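The structure presented is a predicted model; accordingly, all values stated were derived computationally and were not measured. No hydrogens, no waters, no symmetry mates; every other heavy atom, side chains included, goes into these values.
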Amino acid sequence: MTMTAGYSGGCQCGAVRYRTAGALGYPHLCHCRMCQKASGNYALPLGSAQRADFELTRGEPSWFHSSDLVRRGFCGTCGTPLFYDIPGTAFINVTLGSLDEPMAVQPVAQSNLAAKMPWFHALDVLPMEPDEDGSDRASSIRLSNHQHPDHDTSTWPQEKRHD
């Protein structure tokens, strides 16, 4: 399955933003140990963009070579994992969670299942805690949010208002 529209995304602080004019191919969850460590999670959702359709629209990522072949791009300011890249190939992989609309790209496969957590399938049956939307803590976080919005902005951080 291949997505048919362009996508934009970026890091949590807004220092690095990107856009792909074309499709995202092979959206999948990678369970390999390198992806687990790179994302700080049990799996890393990735989708491939044609390099010719991909552009950085703000900032430059920092890079870590997780192997001789692969480098991982992330924001050097906030640490958000953004890219899985094999230089010299026609594609660059973006982390699906860094998309402005991550719900628009549904994974179609999983890879490197040997490292998949043996209990991963049981996550949907865990007890569900209610959202904290009305709590004092949630309100305080919402009012003091420094996260970049899920859309492109001409500047970031935005100028502080002085009332």
Side-chain angles (χ1 to χ4, degrees), residues 1-132 141 145 147-152:
M1 178 177 171
T2 301
M3 303 298 129
T4 58
Y7 297 93
S8 61
C11 66
Q12 187 173 23
C13 75
V16 180
R17 297 280 302 158
Y18 65 88
R19 180 178 305 126
T20 177
L24 286 180
Y26 189 55
H28 69 285
L29 296 176
C30 182
H31 295 278
C32 82
R33 188 63 184 135
M34 280 189 182
C35 280
Q36 290 170 354
K37 292 194 69 114
S39 65
N41 215 319
Y42 301 123
L44 182 59
L46 296 165
S48 61
Q50 292 241 6
R51 202 174 295 276
D53 291 337
F54 175 84
E55 67 175 321
L56 289 169
T57 58
R58 182 181 301 136
E60 290 289 330
S62 294
W63 295 96
F64 172 71
H65 283 265
S66 57
S67 70
D68 289 345
L69 186 65
V70 174
R71 66 183 187 158
R72 312 275 181 153
F74 60 96
C75 176
T77 302
C78 68
T80 301
L82 298 167
F83 311 114
Y84 171 99
D85 186 35
I86 301 174
T89 63
F91 296 94
I92 184 168
N93 288 276
V94 301
T95 58
L96 299 180
S98 71
L99 294 172
D100 290 339
E101 297 181 24
M103 73 293 289
V105 182
Q106 182 176 346
V108 299
Q110 298 181 67
S111 62
N112 298 298
L113 298 177
K116 183 177 180 179
M117 297 294 129
W119 40 257
F120 200 80
H121 68 283
L123 294 177
D124 278 344
V125 298
L126 291 176
M128 304 277 183
E129 295 182 8
D131 291 342
E132 295 184 8
I141 290 170
N145 183 1
Q147 183 167 297
H148 188 274
D150 286 334
H151 56 81
D152 288 327

Might you point out which heavy atoms bring [X] and [Y] nearest each other, and give the distance in Å?
{"X": "Ala15", "Y": "Thr77", "value": "CB-OG1, 4.3 Å"}
{"X": "Thr57", "Y": "Tyr18", "value": "OG1-N, 3.6 Å"}
{"X": "Ser39", "Y": "Pro81", "value": "CA-CG, 4.0 Å"}
{"X": "Glu60", "Y": "Leu56", "value": "OE1-CD1, 3.7 Å"}
{"X": "Ala115", "Y": "Gln36", "value": "O-NE2, 2.9 Å"}
{"X": "Asp100", "Y": "Arg17", "value": "OD2-NH2, 2.8 Å"}

Measuring from [X]:[atom1] to [Y]:[atom2], what's the distance to the nearest 0.5 Å?
{"X": "Cys32", "Y": "Leu44", "atom1": "SG", "atom2": "CG", "result": "8.0 Å"}
{"X": "Arg72", "Y": "Phe83", "atom1": "CZ", "atom2": "CZ", "result": "13.5 Å"}
{"X": "Glu101", "Y": "Tyr7", "atom1": "CD", "atom2": "OH", "result": "8.5 Å"}
{"X": "Leu96", "Y": "Met103", "atom1": "CG", "atom2": "CE", "result": "12.0 Å"}
{"X": "Cys78", "Y": "Gln12", "atom1": "SG", "atom2": "CD", "result": "5.5 Å"}
{"X": "Leu29", "Y": "Ser111", "atom1": "CG", "atom2": "OG", "result": "8.0 Å"}

Note to self: Within the supplied structure, the quantity of interest is the number of heavy atoms (other residues, nucleotides, ligands) at a distance under 6.0 Å from Tyr84 OH; does it exceed 12?
What the structure shows: no
Margin query: How about CD on Gln110, more than 12 heavy atoms from neighbouring residues, nucleotides or ligands closer than 6.0 Å, or not?
Written below: yes
Checklist line | Salt bridge present between Asp152 and Arg58 (N-O < 4.0 angstrom) | finding: no
Next item on the list: Apply side-chain contact (heavy atoms from CB on, under 4.5 Å) to the pair Phe91 and Gln50, showing each step before the final yes or no.
Entry: CA-CA 5 Å; Phe91 296 94; Gln50 292 241 6; 3.7 Å; yes
Checklist line | Residues Val94, Thr20; criterion side-chain contact (heavy atoms from CB on, under 4.5 Å); working and verdict | finding: CA-CA 10 Å; Val94 301; Thr20 177; over 6 Å; no
So do [Y] and [X] actually touch side chain to side chain, heavy atoms under 4.5 Å?
{"X": "Cys75", "Y": "Cys13", "value": "yes"}
{"X": "Ser67", "Y": "Met34", "value": "yes"}
{"X": "Cys30", "Y": "His28", "value": "yes"}

Check: What do the steps show when you test Val70 against Asp85 for side-chain contact (heavy atoms from CB on, under 4.5 Å), and what is the final call?
Finding: CA-CA 6 Å; Val70 174; Asp85 186 35; over 6 Å; no
Check: Is there a donor-acceptor pair closer than 3.5 Å between any side-chain N or O of Arg71 and the backbone N or O of Phe64?
Finding: no
Item checked: Check: Ser48 side chain, Gly25 main-chain N or O, donor-acceptor pair, under 3.5 Å -> yes
